[in-house]
Each structure stands twice: as C-alpha cells, then as structure tokens.
Number of protein chains: 4
Amino acid sequence: MPLSHKQMKAMEQKREKILEQAILLFAEQGYESTTIAKVAKAAGVSFGSVFTYFENKDQLFYHAVTEPLEKQYREAMLDFNPNAEDLLTEIKSMIDKHITIFIEMRTYLQLVVQVIGQHTKFPEPFKVLDEFSLTFILKLQKIIRNGQKSGVLEESDEDLTATAYLGFLLGIRLTFTDYAVSRVREKFKIPAFQLLYPKR
Amino acid sequence: MPLSHKQMKAMEQKREKILEQAILLFAEQGYESTTIAKVAKAAGVSFGSVFTYFENKDQLFYHAVTEPLEKQYREAMLDFNPNAEDLLTEIKSMIDKHITIFIEMRTYLQLVVQVIGQHTKFPEPFKVLDEFSLTFILKLQKIIRNGQKSGVLEESDEDLTATAYLGFLLGIRLTFTDYAVSRVREKFKIPAFQLLYPKR
Amino acid sequence: MPLSHKQMKAMEQKREKILEQAILLFAEQGYESTTIAKVAKAAGVSFGSVFTYFENKDQLFYHAVTEPLEKQYREAMLDFNPNAEDLLTEIKSMIDKHITIFIEMRTYLQLVVQVIGQHTKFPEPFKVLDEFSLTFILKLQKIIRNGQKSGVLEESDEDLTATAYLGFLLGIRLTFTDYAVSRVREKFKIPAFQLLYPKR
Amino acid sequence: MPLSHKQMKAMEQKREKILEQAILLFAEQGYESTTIAKVAKAAGVSFGSVFTYFENKDQLFYHAVTEPLEKQYREAMLDFNPNAEDLLTEIKSMIDKHITIFIEMRTYLQLVVQVIGQHTKFPEPFKVLDEFSLTFILKLQKIIRNGQKSGVLEESDEDLTATAYLGFLLGIRLTFTDYAVSRVREKFKIPAFQLLYPKR
DNA sequence: AATGAATGAGGCTTCATTCAT
DNA sequence: GATGAATGAAGCCTCATTCAT
C-alpha cells in the first residue's frame with residue numbers, strides 16, 4: 001500500500017524541519033559539535049527519525065550545504081543579465097541583490113566558510129560549492145566585460161575583478177559580528193561597486 | 001635544583017614544536033578532529049608531554065590562535081605610518097605588505113576563519129582576534145583619512161572603507177584553492193588598492 | 001469475511017518464501033547478523049510482512065531451525081528398518097541415505113551447528129534438536145544391535161557406536177569447505193560403514 | 001622513560017585476563033552477543049582498557065581464536081611421530097592425546113565450530129584454522145601410511161581416513177552436552193581407533 | 001619533566017518492534 | 001493483510017584527562 005498524499009506531505013515537512021535545524025546547528029557549532037541528538041531535539045523529532053531521512057551524519061551535512069544553494073541561492077545569485085540594455089542599472093541592481101542575499105545568508109555562510117576553510121575534510125560539499133563559484137565567476141566576468149565595452153566600467157582584468165568581487169562578498173561576513181553587519185548593510189553596496197571600477 | 005639554561009632552551013623548543021604542529025592540525029582538520037595524540041605524534045613528542053606544556057586542549061587551541069598573532073602578524077600588519085610624508089608610496093607599500101602577509105598566513109588564516117565563523121564556540125580566542133581587528137581598522141581609518149586629506153585618495157566613509165579592505169583580505173583566502181592563490185598573489189594588490197578609492 | 005482458497009495459498013507461499021530466505025541468511029550470517037530487513041528484502045517481501053507471519057525474530061529463528069527438520073529431514077533420517085531381513089543391505093542403504101542427506105543439508109547444518117554450539121543462547125530450538133538426536137540414536141542402536149545379533153557387525157557398545165556415527169556425520173560438515181565435500185561425497189560412506197564395525 | 005619490568009608483567013597479565021574471558025564469552029554466547037562491556041566486566045578491567053590491548057572487537061576475536069591454537073593446541077595435536085619404531089603404540093598414544101585434548105578444548109572448540117560454520121563471516125581466523133587443519137591432516141596421513149606399511153593398519157585411502165578422523169574429533173563435540181562428553185571420554189578412543197582400520 | 005596506561009563519558013549507527021494508514 | 005515510518009535502546013569506538021612510575 002503506497003503512502004497517502006497526506007503522509008507524503010507530513011514526511012516532507014519533517015525532513016525540512018530536520019534539515020533546517022541541522023543547518024542552524026552546523027553553522028553555529030560546527031560539524032563535530034553538532035550531534036544528531038541535538039538536531040533531533042531541535043527539530044522536535046525522535047533520535048532515530050533523523051536516520052530515516054538522512055543516511056548518516058555526513059549525508060545530513062552534505063544536504064545542509066547543498067540544498068539551500070540549489071533551492072534558493074543559486075538562482076538568486078545568478079539572477080542578472082550580462083546582455084542587458086542598460087548595463088549600469090543592471091550592475092547596480094545586481095550588487096543590490098548580492099549584498100541583500102549575503103546579508104540574509106548569514107547562517108548559511110558560516111557553513112560555507114567551514115567547508116571552504118577545511119575543504120580536505122569536506123570534499124564532497126566543497127566540490128559543489130567550488131563548481132558553483134566557477135559558474136558564478138564566469139557569469140560575473142561576462143557582465144564586467146560587457147560593462148567595460150559599453151563604457152560603464154573602466155578597463156581591468158575581468159577574471160581578477162570578478163574574483164575580487166566574490167572574495168569581498170565572502171569576506172565581509174567575517175569582519176563583523178551579526179549585529180554590525182545588518183547595521184551597515186546598505187553601505188556595503190558602495191565598496192562592492194567600487195571593486196568593479198565604475199567610470200566616473 | 002633549578003633548570004640549567006640548556007634545559008630551559010630544550011623545553012622552549014619542545015613547546016614551540018608542539019604549538020607549531022597544533023596550529024597546522026587545528027587549521028587543516030578543525031578543533032574537534034585534531035586530537036592530542038595526533039599533535040603529539042606530529043611533534044615527535046610523547047602523548048603526556050603535550051599536557052606538560054599546555055593545561056588542556058582548550059588552552060592549546062587558545063595559544064595556537066593567539067601566539068602567532070602576537071609574535072608575528074600583529075606587528076607586521078600594523079607596520080605602516082599614517083603620518084608619512086609620501087602617503088601614496090606608504091599606502092602602496094602597506095598594501096604590498098598586507099597581501100604578502102595574507103598569502104603567507106594561509107594556514108593560520110584557516111584557524112582565524114574557524115574562530116570567527118564559530119565565535120560562540122571559541123569566545124576566548126575570538127575576543128583576542130576581535131580586539132586586534134578593531135585596532136587594525138582604527139589605524140587603517142587614520143591612514144585613509146590622511147590619504148584623503150592629502151589628495152591621494154578620493155573621499156569615502158573611512159570606517160566603511162577600512163572594513164571593506166579587511167573583509168577583502170579575509171575573503172580572498174576563501175575564493176581560491178591554495179595553488180591559485182600563490183599564482184595570482186601579485187595581482188591582488190590592484191583590487192585592494194582600488195578599494196581605497198585612489199585618485200586618478 | 002473468510003479468506004478465499006486462493007488467498008490462503010498465496011499467504012502460505014509468502015510465509016514459505018520468508019522462511020526459506022531466513023534459513024539461508026541465519027545459516028550463512030548467524031542469528032545476530034541476520035536482520036529482519038535483510039530477510040524481507042531477500043524474500044521480496046515488505047519489511048512489515050515478516051511480522052505478519054512470525055511473531056518476532058526469535059520465533060522466526062525457531063521455525064527456521066525446526067520446520068526443515070519436521071518437514072524433510074526427520075522422516076528421511078529415520079527411514080531405515082532395524083528389523084529388515086537382509087540387515088547388511090539395509091545398513092548400507094541407510095548409510096547411503098544419511099550421507100546423501102547430510103551433503104544436501106549443507107546450509108541447514110550450519111544452522112544446526114550454531115544451535116548446538118551455543119545451546120545456552122538458543123534453548124528452545126536446541127531442545128527440539130536434542131530430542132530428535134535422542135530418537136535417532138535410539139533407532140540407530142536398535143539396528144546396530146540387530147546387526148550384531150545377526151552376525152553382520154562385530155560386537156561393540158551400541159550406545160557409543162551410534163553416538164560416534166552421528167558425531168561423524170556432523171563432523172565431516174566441519175572439515176571441508178563446500179566444494180571439497182561434494183567432491184568426496186561418495187567416499188564418505190566407507191569410513192561411516194567402518195565406524196559400525198562391519199564383519200569381514 | 002620506558003616501562004619497568006614490573007609494569008610490563010602486569011600488562012601482560014591484564015592482556016591475558018582479557019583474552020581468557022573473551023574466549024569464554026565468545027565461545028558461549030557467540031561473536032555478536034559478546035559485548036566489549038561484558039568482556040571488560042568479566043576480566044575485571046575498565047571498558048576502555050580492552051581497547052588498549054586489542055585494536056577492536058574483530059582483532060580481539062581473531063586473537064581469541066588463534067592464540068590458544070598457537071600457544072597450546074598446535075604443538076599438542078602434532079605431538080606424534082609417524083616414524084616411530086612401535087607404530088601401534090604410537091598410534092594408540094596419539095589417539096589418547098587427541099581425545100584428551102579435544103575434551104579439554106571444550107570451550108575453545110565452540111569457538112572453532114563458529115568460525116568454520118560461518119567462515120564467510122570470519123575469513124581471517126578461518127584461514128588460520130584451515131591452514132592448521134591441512135598441516136594436521138598431512139601429518140596424520142603420514143602415520144596412517146606408515147601404519148599400513150608396517151602391517152599395523154589395514155589398507156585404506158589415507159587422505160579419506162585422515163579426514164574422517166578429524167571430522168570425528170570435531171563431530172563428537174556436537175553430539176553431547178558437556179556433562180555427557182566427560183562421562184564417556186575414555187570410551188571415545190575406541191571408535192577413533194576403529195576409524196583408522198586397525199588390523200585384528 | 002616524561003611517559004603512556006587507565007578510565008569512562010559521549011557520539012554515531014543499527015535494528016527489533018510498534019503502529020498508523 | 002500490507003506497508004514502512006517512528007522510536008530508542010544498545011553496541012562499538014574515540015578521546016580528553018588523570019596519574020603512577
């Protein structure tokens with residue numbers, strides 16, 4: 001007898017709840033200090049249930065890293081058009097989005113930083129992040145090049161500039177405590193823009 | 001019987017060896033995955049000796065985070081003069097140093113990133129890093145302000161600019177794998193300089 | 001509503017399939033390493049169904065041990081006539097049957113060996129085997145005694161001889177790997193016969 | 001500082017105590033049902049200490065199976081001379097020893113039976129037992145052949161006869177409960193001898 | 001000071017059994 | 001009757017810390 005629609009829905013929600021709490025705990029306490037028991041408790045789920053939805057702790061971590069990227073951030077981060085008519089507006093709008101996303105991603109970014117910082121320990125999740133970063137940078141390069149051609153940006157090495165831009169986005173997460181970040185969120189658009197060598 | 005000078009020296013070296021390997025392992029494998037046994041083995045020292053020189057694992061980590069800062073990086077990072085005559089040259093030289101230091105700090109930075117990323121887990125080491133970051137940014141602000149006054153830099157919010165500059169330094173560590181970083185080390189001076197709004 | 005004949009049949013077959021795979025797995029992997037999930041999968045049956053047909057794992061094991069005995073081996077092992085006219089032929093035919101059965105019982109014997117070897121762990125199944133062994137030995141004693149009386153066998157302690165004969169049957173299962181056993185199956189009739197002290 | 005002789009001795013004894021209890025428990029309760037905690041308790045040792053002396057449960061089992069063989073049984077089982085002057089006496093003395101050993105080995109044999117019965121689960125220990133069995137059978141064949149040449153034994157296939165003899169030794173362990181075995185120990189020499197086809 | 005054995009708490013994982021659908 | 005999700009007890013193993021030598 002297959003599961004009813006209702007049951008499927010309930011399971012989906014349970015899985016979501018577990019993953020959500022796992023992301024939170026992994027981000028705040030790190031991989032090792034986050035125990036399955038803590039995740040289960042935080043998600044209001046029995047200990048064994050975590051293993052119903054995720055093969056083991058490694059897999060839980062993997063999904064905690066990759067699912068938010070695939071379900072939310074990938075699309076949002078790549079939501080800009082390198083061939084837009086009005087490139088200046090497009091670039092400014094892009095920066096606006098990126099800063100907003102990175103501010104919102106606070107918790108998730110702590111996870112990302114762990115994976116990148118210790119990529120030998122987390123090869124599988126790292127691979128996914130690394131591939132996304134390549135995709136992101138390539139698209140960034142395109143809009144930068146087009147911006148330069150259309151006279152909106154000064155000349156610069158587009159590979160370097162794109163990389164610097166991404167590095168900056170990741171880096172600001174590490175300079176401030178949570179409170180401060182939100183206080184200055186608006187302001188960070190300015191240096192981000194500056195990094196792209198705008199024409200004055 | 002007091003220890004001879006020779007003995008003191010030998011102990012000093014033993015402690016140094018342990019700390020060195022601890023930094024390496026903490027950086028690469030993280031706090032939890034680094035066991036005392038691994039550190040002892042890597043340092044070529046007996047298991048029990050680690051506890052002779054460091055009270056416990058927490059303390060070992062604390063010293064792994066703080067001693068390199070105090071003994072090497074603090075001075076080097078702050079080695080620039082906000083009141084120099086030729087501010088353009090001073091700023092360029094400062095950027096040169098900072099980039100060089102950050103490239104060399106590779107391993108240590110992985111430690112820093114861990115502490116900042118999970119500062120609730122590591123409150124003591126974080127406090128030290130946070131205080132240094134404040135000191136650093138304050139001195140940065142000063143040179144930026146003076147640069148602006150002397151017409152070397154365009155006008156900008158110096159707090160924001162200094163923070164962006166530090167964020168950028170931290171961030172580039174996260175964008176590249178080790179190989180790539182050293183390949184492009186020279187280039188990163190350019191966007192770092194750009195972040196300070198140089199006058200053209 | 002009573003179940004139709006067809007349904008009854010289907011259930012009977014399902015039970016049979018489960019038991020069959022359980023015997024195989026218990027024999028090869030032992031009691032603890034055989035999980036209900038493995039049995040269900042091997043039998044092509046849902047996890048829960050195993051519990052529909054067998055109260056719990058203990059019961060499943062019990063039936064795995066006892067049903068083959070009752071349904072196949074008991075009758076075959078006891079299929080000889082201590083009062084036959086031609087006792088020499090009867091004994092030789094009996095040995096032939098026993099060797100053949102023990103070769104065929106390969107898998108099942110692994111189960112038996114487990115139960116006997118750790119009878120404190122499996123008291124219920126052991127009891128059944130023990131009782132059968134008594135029955136078997138008593139009937140063996142009878143044919144041996146009659147063989148001696150009719151001058152076909154030399155004199156010997158019939159209790160000891162019967163026990164030695166059974167021990168031999170069980171033991172040869174343990175001396176050879178599976179391949180070798182089948183290779184020499186014919187030959188084992190000879191020492192088995194010798195154990196009964198044939199008159200020359 | 002190396003360990004003192006006294007300490008070494010104490011450790012040796014501790015290891016022995018653990019192994020001794022492990023053999024007992026593995027034999028009686030089987031591999032899975034024997035927990036490290038039980039072994040530790042039975043040996044009067046802390047849980048963690050078991051892991052000081054044995055890498056893991058698998059290794060503990062391996063040593064439980066192989067060490068008694070190497071330290072006691074191998075030599076005793078092979079202690080007969082195929083080239084003795086008086087072969088009849090040598091063979092009878094050999095049988096006497098073998099039966100005595102097998103009676104004494106009671107507990108250990110339960111272990112052996114487990115390993116042979118489920119050799120796919122215990123490949124490493126099985127290999128050791130299998131190799132010993134080959135050595136044993138080869139030496140047995142030699143004494144049987146010499147017995148036949150010197151007219152002490154009737155002609156027979158010496159490979160088959162040697163195998164049957166070993167099978168018998170293993171098998172009698174499975175026919176009786178512990179009490180009964182010791183009661184009839186003397187008697188079992190008779191069928192064992194009979195299996196070698198003595199000349200009358 | 002140096003060594004490494006002893007300890008046991010705590011984490012991951014497995015799995016028999018229950019039970020709602 | 002059939003299914004498989006839910007549960008938590010129990011096992012193996014790791015490892016920080018203690019301490020005797």
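Just so we're on the same page: letters track the sequence lines, and every chain starts at 1.
A straight line from CG of Asp58(A) to C1' of dG11(E) spans 14 Å, rounded to a whole angstrom. Taking atom CE of Met8(A) as the reference point, atom P of dA5(F) lies 10 Å away to the nearest angstrom. One can place CE of Met11(A) at 15 Å from C1' of dC19(E), the figure rounded to the nearest angstrom. Rounded to whole Å, the distance from CZ on Phe54(D) to C1' on dT14(F) is 19 Å. Rounding to whole angstrom units, NZ of residue Lys38(D) and C1' of dA10(F) are separated by 11 Å. One atom, CZ of Phe51(C), and another, P of dA2(F), lie 14 Å apart when rounded to the nearest Å. Here the C1' atom of nucleotide dA6(F) and the NZ atom of Lys41(A) are 19 Å apart, to the nearest Å. Atom OH of Tyr53(A) is separated from atom P of dA6(F) by 3 Å (rounded to the nearest Å).
A 4.5 Å side-chain heavy-atom check between Val128(C) and Val65(C) finds every atom pair outside the cut-off. Between Tyr53(B) and Met11(B) there is a side-chain heavy-atom pair separated by less than 4.5 Å.
To the nearest 0.5 Å, atoms CG (Leu24(D)) and OG1 (Thr107(D)) are separated by 5.5 Å. Distance check, rounded to the nearest 0.5 Å: CZ of Phe61(A) to CD of Glu124(A) gives 12.0 Å. To the nearest 0.5 Å, atoms CD (Gln114(C)) and CD (Gln110(D)) are separated by 12.5 Å.
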Filtered N/O pairs between nucleotides 8-10 of chain E and protein, under 3.5 Å:
unit_1: dG8(E); atom_1: N7; unit_2: Gly48(D); atom_2: N; d: 3.3

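Side-chain contact, Gln29(D) with Lys38(D): a donor N or O sits under 3.5 Å from an acceptor N or O.
Thr52(C) pairs by the side chain to side chain contact (heavy atoms under 4.5 Å, CB included) definition with nothing, not counting sequence neighbours. Shown here are the side-chain hydrogen bond (donor to acceptor under 3.5 Å, both in side chains) partners of Glu70(B), two or more places apart in sequence or in another chain: Arg74(B). For Tyr31(A), the side-chain hydrogen bond (donor to acceptor under 3.5 Å, both in side chains) partners two or more places apart in sequence, or in a different chain, are Asp58(A).
Remark: Lys14(C) in residues 13-22 of chain C come within less than 4.0 Å of DNA chain F through at least one heavy atom.
In DNA chain E, consecutive stretches of 3 or more Watson-Crick or G-U wobble pairs with both distances under 3.5 Å are given as paired ranges: E:2-21 with F:2-21.
Using a 4.0 Å heavy-atom cutoff across all strands shown, Ser33(C) reaches no nucleic acid atom at all.
The number of heavy-atom neighbours closer than 6.0 Å to CD of Gln72(A), taken from other residues, nucleotides and ligands shown, is above 12.
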